[in-house]
Trainee: 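I am attaching a structure below and will ask some questions about it afterwards.
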Amino acid sequence: WTNKHMAAAGSSFNYKFVQPFSHDTIDDDGPKVLFATPGMLHAGFSLSIFARWAPNAKNMLIVPGYCAVGTVGNKVLGGATEVEIDRKVVPVRG
């Protein structure tokens, strides 16, 4: 389902400022949003990107689901202003 304006545009996923992720843009200035799994921010690429981007309040974290107790995602949802990732304290701004 889509409204008339979106239908006329040809695609409801045609966003002006949304681009496919590129490793070349990880350290670019400006706000960023990364849709990645796992949502709990427990491991993997999403956790490493979060560690790099969390100190910048311009970036956004969207947690799409449940976060088990003890995970970085759960701590952030609980209001933590810093988290430990790979034995380093990472400030969480937002």
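The model shown is predicted, which means the values in this text are computed figures rather than measured ones.
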Trainee: Considering only heavy atoms from C-beta outward, does the side chain of I26 approach that of W53 to under 4.5 Å?
Mentor: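 Yes - at least one pair of side-chain heavy atoms lies under 4.5 Å apart.
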Trainee: Can you name the closest pair of heavy atoms from P31 and K58 and give their distance?
Mentor: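 Residues P31 and K58, closest heavy atoms: CB-O, 3.2 Å.
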Trainee: Got a sec, which pairs hit salt bridge (Lys or Arg N to Asp or Glu O under 4.0 Å) with one end in residues 78-88, sequence neighbours left out?
Mentor: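 Every pair satisfying salt bridge (Lys or Arg N to Asp or Glu O under 4.0 Å) with a residue in residues 78-88: there are none.
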Trainee: Can you confirm whether F21 sits close enough to F45 that some side-chain heavy atom of one is under 4.5 Å from a side-chain heavy atom of the other?
Mentor: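 Touching, per the 4.5 Å side-chain cut-off.
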Trainee: Which heavy-atom pair separates L77 from C67 by the least distance, and what is that distance?
Mentor: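 For L77 and C67, the tightest heavy-atom pair comes out as CD1-SG, 3.9 Å.
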Trainee: So which of I85, L61, V83, T71 actually passes side-chain contact (heavy atoms from CB on, under 4.5 Å) with L41?
Mentor: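 With L41 as partner, I85, L61, V83, T71 yield a single side-chain contact (heavy atoms from CB on, under 4.5 Å), made by L61.
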Trainee: My understanding is that only residues two or more places apart in sequence, or in another chain, count here; which of them pass ring pair (Phe, Tyr, Trp, His ring centres under 6.0 Å) with Y66?
Mentor: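 Here no residue qualifies.
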Trainee: With a 4.5 Å limit on heavy-atom distance, are the side chains of T81 and V92 in contact?
Mentor: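 A side-chain contact is absent here, since even the closest heavy-atom pair is not under 4.5 Å.
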Trainee: Let me confirm one number: the NZ-CD1 distance from K32 to I49, rounded to the nearest 0.5 Å.
Mentor: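 Here the interatomic distance stands at 9.0 Å.
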Trainee: Restricting to non-hydrogen atoms, name the atom on V90 and the atom on A51 that form the minimum distance, rounded to 0.1 Å.
Mentor: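 Looking at all heavy atoms of both residues, the closest pair is CG1-O, 3.6 Å.
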Trainee: For D27, check side chain to side chain donor-acceptor pair (under 3.5 Å) against everything at least two apart and list the hits.
Mentor: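 R52.
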